[in-house]
2 protein chains.
Amino acid sequence: MLGHGQAGNTKLVKQMNRHLLISRLREYKRVSRADLAKLTELSRPCVSSLVDEMIREGLINEVGVGESKGGRKPILLEYNFKAKGVIGAVFEGSTLHMSIADLSGELLFNYGTRLSQPTNGETAIRALEVGVDVLLKQSGFDKDHLLGIGIGLPGITQRTDGTISYAPSTGWMGLPVQQEMEARLRIPVFIENDVNLMTIGEFHQGIGFGVRNQVHMYVGTGIGAGIIVDGQFYRGFREAAGEIGYMMIGPVGRTRRGEYGVFERNYSVSGITEKARLILTGWNEDTSVIAELMRQSEGGNREAEQLLEDIYVHWAHGMVNMISVLDPELLIINGEMVNIGEQGIKKLNQLLAEWVPFVPPVKVAALGIKAGIIGAIQIVLEALT
Amino acid sequence: MLGHGQAGNTKLVKQMNRHLLISRLREYKRVSRADLAKLTELSRPCVSSLVDEMIREGLINEVGVGESKGGRKPILLEYNFKAKGVIGAVFEGSTLHMSIADLSGELLFNYGTRLSQPTNGETAIRALEVGVDVLLKQSGFDKDHLLGIGIGLPGITQRTDGTISYAPSTGWMGLPVQQEMEARLRIPVFIENDVNLMTIGEFHQGIGFGVRNQVHMYVGTGIGAGIIVDGQFYRGFREAAGEIGYMMIGPVGRTRRGEYGVFERNYSVSGITEKARLILTGWNEDTSVIAELMRQSEGGNREAEQLLEDIYVHWAHGMVNMISVLDPELLIINGEMVNIGEQGIKKLNQLLAEWVPFVPPVKVAALGIKAGIIGAIQIVLEALT
DNA sequence: TTTGATAGTTAAGATGACTAACAAAGTGTC
DNA sequence: GACACTTTGTTAGTCATCTTAACTATCAAA
């Protein structure tokens, strides 16, 4: 494909070159016009004219003079990260977490609030509005300097029209969150599934930084995966890619119609808990199952040891299946899996190496609770910068 | 991402617009300059000038006059599919199949030959040269009107430098097929794994035509899958995507180091044959295992029936695992799987519906032996038109 | 101080798309 | 058949943007 499937004209050329300059500038931080010309293979006059234009617009700043390389000293340029702010929001249970970031994606201020129960769409949206106001005041950005808002929601989000098409845990079914927020705030709003955002966050600022093909496996109440292909979040045809809870791993049992999710039923936190209950003595179920299993296993509980082994093996099965389909460069584990520790990782690696000749590095998610918010901010930056 | 990561200039604009026109012309077959202007949103003078240029170059032909829509009759244009030829070649065992096609991808002439044993790189390349000569003569294209050659090879091909990095069945390890052929023929040569080409062929001209997200499952001596994401063949980080023979399906057994492929060991044709041998009476192993199992199962052989059921269930597991990871729009089955017939497909669909809420249509590959050659031709067309 | 290099700007030229106007070739209506 | 109106395609001139070539500004080192 040599073409780009799009009509070209001078406007497009200029837009492309401006974005090329900006992206190089973001990448190399402090460079001169001459450097940019070399980096982009554009002529120096062209770079100068575009840079001047963007300086006038406030997108770029001149920030001092650099070292001479045998001639006139270069004027260093910097992308003006502070030109606009971006807000990310994530609903987690009945809590709303929000942060404001600059154009570099760096979080500047945070905000959190508990939603009044019962949560319905209206209270959620009003809470968002309050959060936006607070963050704008704290950070000193005014409304015109807000690039956009990214919102993470539980359930399946219909990205085309911005409504929530499926969200059993909240009462928000069918709510046009995006339209509503855009109408009220008059800035671009993007919504996305909260788990997807964690993957995107880890990819942009976490342990997966810079790796263009990676898979995230998340074990929580359910089991899911986030897939990044060639630097893009992969959604599948029905937005259902990565729903690996449906994989055929572990005992199939009697399947009743409409009761899907074999892997999930067996090896999600809920599935594991059911089995662990019968084995562990004196376990406070508010704490991590895996941590407790590890503790009691080391304490000599043979059954716990066996269950743990069984869990490792079947988690590894899930990983093998994804690896064999996708051949990723990196595999990131998250959720309850982060509790397995160094030896757990080692164990998983051993198992994987037994079954596949090409095992990608397995790493633990690094951002924790912040991943979702960072992801929310990143989808805005990706779409609008 | 608003930008394209590339510097823009007038040359690029022209190239983009030329390709845009060509692609619309290929799509809509016979249209006027005015129609093209509407389709591409380019101005009529611009379309006229580009079209005239391409007519002079022989890429486009004027082919008569169309019906008036209330004004002057339009001059109909057609992409000149006959402007250049493309050759596709596939090695299959000791046989070499080749075809020449025009720019529409339609096969014009075929050629086949048996390679003298033992096959080494030199004999293979010489056979290719002969085939090219024969096909050029038959079709009347001269060498200058050959766009390129696509070659399908067994084993893993290193696409970056065009060498075969792994091909156990042939004696071609490390052979720089691409460079060698380009040096001898002086036209672009593309090499690709033969199974991948079957997927690409089915996508462009077979049962998967027009579906931009699809997965092909192939059961033969081994088990593999071809993945098309957003119209592009997906290769993974180490060119190992779709190696689903490694999936953890069926009995794991004792795994010796370096002996990978649980799914493959259990449910490839080889794996099935091992089990079938003990059950089937009077089976000629040159014929399809599945066909024979179906026949004897209907004839009342209970054990054959059970094995067949077991095979369906585990093939379906493999399909479920791929579906849950990738969420494709279409699933195409190929190889030994094509022998399961209508009822077999129905059975698979039932099983899938039990385990996943979103089951894509399951269809049988349509092109048979030609798929590989068509795929080889398509990778050339994709790269160079 | 001179020489040579690097950084940045200015001016002129090239390219290619766009607009406006027009010619060519129809249809339809009275 | 004359006239109005459409659609197709071309011509001529304008505009936007990049490029080249030449110039100024600034600096290091001999």
Side-chain angles (χ1 to χ4, degrees), chain A residues 3-22 24-25 28 30-57 60-78, chain B residues 3-22 24-25 28 30-57 60-78:
Chain A
H4 300 64
Q6 205 201 338
N9 54 35
T10 52
K11 293 259 182 251
L12 178 75
V13 168
K14 188 169 178 179
Q15 190 193 327
M16 285 174 67
N17 290 340
R18 279 177 57 124
H19 276 96
L20 184 62
L21 285 173
I22 290 285
R24 288 290 172 284
L25 199 49
Y28 292 87
R30 304 173 118 241
V31 288
S32 65
R33 291 169 175 80
D35 292 332
L36 281 176
K38 278 172 210 149
L39 288 169
T40 58
E41 299 195 301
L42 290 166
S43 65
R44 279 179 303 164
C46 175
V47 171
S48 272
S49 121
L50 292 176
V51 163
D52 291 350
E53 188 178 288
M54 291 192 280
I55 286 177
R56 280 195 299 279
E57 291 170 16
I60 293 180
N61 287 335
E62 293 188 336
V63 286
V65 194
E67 286 302 292
S68 162
K69 292 174 210 158
R72 174 173 169 178
K73 287 180 182 168
I75 304 167
L76 295 183
L77 304 169
E78 201 172 61
Chain B
H4 300 63
Q6 205 201 339
N9 53 34
T10 51
K11 295 263 181 238
L12 179 75
V13 169
K14 187 169 178 179
Q15 190 194 329
M16 286 174 66
N17 289 342
R18 278 177 57 123
H19 276 97
L20 183 63
L21 285 173
I22 290 285
R24 288 290 173 282
L25 199 50
Y28 291 89
R30 305 172 118 243
V31 289
S32 67
R33 290 168 174 79
D35 292 332
L36 281 176
K38 278 174 210 149
L39 288 170
T40 59
E41 299 195 301
L42 291 166
S43 64
R44 280 179 301 163
C46 175
V47 170
S48 273
S49 121
L50 291 176
V51 162
D52 291 350
E53 188 177 287
M54 291 193 278
I55 286 178
R56 280 196 299 279
E57 292 170 16
I60 293 181
N61 288 334
E62 293 190 332
V63 287
V65 193
E67 286 301 294
S68 162
K69 292 173 211 158
R72 174 173 168 178
K73 288 180 180 169
I75 304 168
L76 296 183
L77 303 169
E78 200 172 61

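Chain letters run A, B, ... following the sequence lines, proteins first and then strands; every chain starts at 1.
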Side-chain N or O of T10(B) less than 4.0 angstrom from OP1 or OP2 on dT19(D)? no
Between NZ of K14(B) and C1' of dA14(C) the distance, given in whole Å, is 12 Å
Q6(A) CD to dA17(C) C1', in whole Å, measures 14 Å
Using side-chain heavy atoms (C-beta onward) and a distance below 4.5 Å, is E62(A) in contact with R33(A)?
yes
On DNA chain D, more 5' by nearest nucleotide between V13(A) and A34(B) is A34(B)
Between E78(B) and I60(B), is any pair of side-chain heavy atoms under 4.5 Å apart?
no
Quick note, C46(A) side chain, CB onward, closest among dC18(D), dA17(C), dG9(D) is dC18(D)
Separation of dT10(D) atom C1' from I55(B) atom CD1, nearest Å, is 14 Å
Closest to the 5' end of DNA chain C, once G8(A) and R72(A) are matched to their nearest nucleotides, is R72(A)
So, do N17(B) and T40(B) sit near enough that their side-chain heavy atoms are less than 4.5 Å apart?
-> no
Next on the checklist: Check the phosphate of dG16(C) against N17(B), side-chain N and O only, distance under 4.0 Å to OP1 or OP2. Yes or no?
Outcome noted: no
note: R44(B), atom CZ; dG13(D), atom C1'; distance rounded to Å ~ 17 Å
In whole angstroms, the gap separating C1' of dT6(D) from CG of D35(B) amounts to 14 Å
Whole-Å distance, Q15(B) CD to dT15(C) C1', equals 15 Å
**Asked** According to a strict under-4.0 Å criterion, is K69(B) in side-chain N/O contact with OP1 or OP2 of dT27(C)?
**Response** no
| message | It should be established whether N9(A) places a side-chain nitrogen or oxygen under 4.0 Å from OP1 or OP2 of nucleotide dG16(C). | response | no
Closest to the 5' end of DNA chain C, once G70(A) and P45(A) are matched to their nearest nucleotides, is G70(A)
Subject >> Phosphate OP1/OP2 of dT6(C) contacted by S68(A) side-chain N/O (<4.0 Å) >> reply: no
When rounded to whole Å, the CD to P distance for the pair E67(A) and dA28(D) reads 8 Å
Looking only at dT19(D), dG9(D), dG16(C), the nucleotide nearest the S43(A) side chain is dT19(D)
**Distance test, side-chain N/O of R33(A) to OP1/OP2 of dT9(C), below 4.0 Å** = yes
Nearest heavy-atom contact between R44(B) and A37(B) is CG-CB, 3.6 Å
From CD of E62(A) across to P of dA7(C) the rounded distance in Å is 15 Å
Original post:
Taking N9(B) for the side chain and K11(B) for the main chain, is one N or O donor matched with an acceptor at less than 3.5 Å?
Top reply: yes
Contact under 4.0 Å: K38(A) side-chain N or O vs dA7(C) OP1/OP2:
yes
